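This is a predicted model, so every value here is computed, not measured. Atoms within each ligand, like the ligands themselves, are counted from 1 in listed order.
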Amino acid sequence: MIRITDILDRVSAYYPEADLGLVERAYVYSARVHDGQVRLSGEPYLSHPLEVAGLLTELKLDTVSLAAGLLHDVVEDTCATAEELTEMFGPQVAHIVEGVTKLSSLSFRSSEARQAESIRKMILAMADDIRVVLIKLCDRLHNMRTLQFQREDKQIKIAQETLDIYAPIANRLGIYWMKNELEDTSFLYLYPQEYREIANQMDRKREKQQEFIDTIKEIIREKMTDAHLNCEIQGRHKHFYGIYQKMIVQQVSFEDVYDILGFRIIIDTVQQCYEVLGVLHSIWKPIAKRFKDYIGIPKPNMYQSLHTTVIGPFGERVEIQIRTREMDRVARDGIAAHWQYKEGQTSDKNDGQVFAWLRKLVEEQKHVKDPDEFMEAVRIELFPDEVYVFTPQGDVLTLPRGATPVDFAYAIHSEVGNQCMGAKVDGRIAPLKYELKTGERVEITTSSNHRPSKDWLSFVRTAKARSRIRQIIKAEERKQSLALGREMCEKAFRKHHLSLNKLLKSGEIQKAGQERGYKTAEDLIAGVGYGKVTPLQVVRYFLPQSESKEPKESIVGKLKERIRGKKPKSGILVKGVDDILVRFGKCCNPLPGDPVVGYITRGQGITVHRTTCAHALNMDAARQIELEWSPEKDDLYPVRIHVLCNDKIGLLASITAALSEAEANILDASVSTRADCRSDCYFTITVSGAQQLEMIMRSVNKIKYVIKVSRIAA
Ligand code: MN
């Protein structure tokens with residue numbers, strides 16, 4: 001078990017001016033609150049945060065990270081609180097610990113491949129400080145190193161998660177040694193047999209391979225010395241999981257996996273890197289496709305090196321990487337290399353540096369050809385245009401920022417969206433237009449007879465939700481029109497001793513429709529329901545010329561019949577006419593309670609007028625239709641009133657007070673003063689009906705100095 005003094009020594013070595021006090025205090029606190037807790041290995045619990053801090057020193061991280069590493073489990077596993085941490089160690093440490101705790105509390109259902117990418121993005125999005133992710137990775141690495149103490153089912157679950165989620169994150173952050181170790185350990189637990197096979201083969205070949213490594217190294221050294229290039233040469237085995245993947249992908253046996261061995265040449269300057277490359281290519285034939293210049297064009301995570309594969313002295317492929325010391329440091333520690341202390345810098349400066357670096361990456365990303373790289377993950381943090389939320393089963397869904405539970409429902413399944421009635425977010429009831437946030441768990445309540453509402457269109461963010469809602473609303477409207485149109489047509493046809501059904505079957509209705517520009521018979525009948533065509537117009541097609549001059553009365557009679565029989569629908573006032581086209585006359589603005597009369601227009605449904613309206617008086621009597629207001633109504637209707645009064649200070653205030661006391665909303669008001677010291681006030685107010693309007697007019701009339709109140713048509 002690593003000791004705190006080792007950690008402090010390491011920090012002082014790479015950052016002499018470090019504030020060791022912070023790390024020591026964190027250690028003392030962690031030791032106190034974890035006191036008595038034991039790991040599955042039997043070791044005191046404290047060994048875990050210590051090892052995590054130790055790994056963080058390998059990444060050469062700052063003291064804030066180390067303190068947070070020592071404290072990373074205290075909020076979750078002890079009685080310590082975030083407030084206490086803030087008070088004792090400052091907001092930065094507390095914030096990072098909180099971030100790590102939040103990540104630990106996420107439970108992913110499975111790490112299916114299709115989910116893995118979303119989960120990785122979610123983790124990166126939730127960690128608003130990259131140090132949170134680095135600590136989480138070290139935490140996972142130590143847990144993997146001690147996985148043998150876990151139960152077998154847990155071993156598999158943790159290993160799978162590590163392989164699918166954490167190793168790729170380490171890879172994207174460019175911390176390759178960590179990625180390799182995470183992969184190899186996961187591999188050991190998930191595919192023990194395959195792991196052992198590869199290990200055995202490696203063992204068997206080890207001696208031969210070492211010989212091979214030494215020979216190659218010797219040749220390189222000789223040639224480099226001749227060229228006056230003073231470099232360091234490393235030979236290494238590929239990691240097991242890498243070999244295994246090659247065997248799977250290339251479908252070859254262990255024997256046939258080339259480049260199991262790799263070489264690395266480290267030298268001082270960039271110039272020398274290219275010189276080394278030149279020398280190598282002059283002794284061994286390079287494989288053209290395998291040469292990559294990541295110095296000229298760095299990887300998005302800033303990785304730089306020259307990669308080449310050559311045909312070696314024994315006809316085997318040899319993979320060689322060439323880079324400078326600085327590039328090697330970045331390659332080893334990845335993003336952490338940019339976070340590490342540089343002498344004489346405060347952590348604040350470091351902070352700015354890393355984020356400047358991230359921003360630079362974003363800019364450079366535009367020029368990078370391979371989008372499937374680290375940048376995609378970091379981008380979401382800098383340009384937060386996505387949210388990641390959980391299904392009740394623990395799946396992660398990616399939605400655009402601003403998405404609502406309705407978008408979520410449609411993302412799960414169109415039917416879930418269509419039947420969506422309500423939502424719970426993290427167990428609490430939330431409005432359907434609630435804006436979802438990353439990490440929230442969303443649950444949708446459905447009901448099989450629930451239908452989407454038109455006003456969902458005003459807040460949904462996804463194209464899928466939008467188009468599905470429109471589709472449903474259209475279909476519903478059509479269904480209603482179709483049913484109504486069919487009923488109307490049937491009656492009209494019966495009256496003329498014709499059978500609608502027969503004509504439908506024979507295709508003649510369709511013909512009639514096509515003549516009017518309707519594609520199908522259904523379209524035509526729906527058109528009748530919408531009020532675009534009258535049933536008579538349809539019937540006429542099947543009547544001899546003379547008979548087609550049907551008296552208008554009868555069609556009107558049918559409509560009347562139809563309307564009386566219909567039950568009122570909410571929101572629509574005139575009995576039953578909601579599914580044919582109803583319009584209120586602009587000339588007289590009828591209110592519920594007003595005596596009204598309907599006028600059946602040609603193909604445009606019914607226009608409603610007050611009986612006193614000049615238009616109504618001029619109507620063709622045969623096309624008039626009696627209407628009644630529906631008894632249950634709670635809609636509000638605009639109406640305009642005119643108040644003639646003496647021009648007195650404060651009078652306008654009294655009138656508006658009277659209006660609001662009578663519960664009328666004022667939509668619009670205007671006042672003009674006449675030469676004779678009288679004023680004309682105009683108000684547009686909303687009322688529920690004629691009765692309320694009458695009451696309002698009476699109370700305004702009672703106000704002193706008001707001369708006359710009248711309702712005006714428009
Ligand atoms: Mn831990």
Query raised in the report: How many degrees, to 10°, between H72 NE2 and H48 NE2 as seen from the Mn ion (ligand 1)?
Result: 90°

Query raised in the report: If you stand at the Mn ion (ligand 1) and look out to OD1 of D139 and OD2 of D73, what angle do those two lines make, to 10°?
Result: 170°

Requested in this report: Verify the distance test for H142 against the Mn ion (ligand 1): any N/O/S atom under 2.8 Å, yes or no.
Outcome: no

**Report entry** 4.5 Å side-chain heavy-atom contact, F89 and L22
**Finding:** yes

**Report entry** Under-4.0 Å salt bridge between R441 and D426
**Finding:** no

Query raised in the report: For residues Q148 and Q150, is any side-chain donor paired with an opposing acceptor at under 3.5 Å?
Result: no

Query raised in the report: Can a salt bridge be assigned to the pair D139 and K136 using a cut-off of 4.0 Å between side-chain N and carboxylate O?
Result: yes

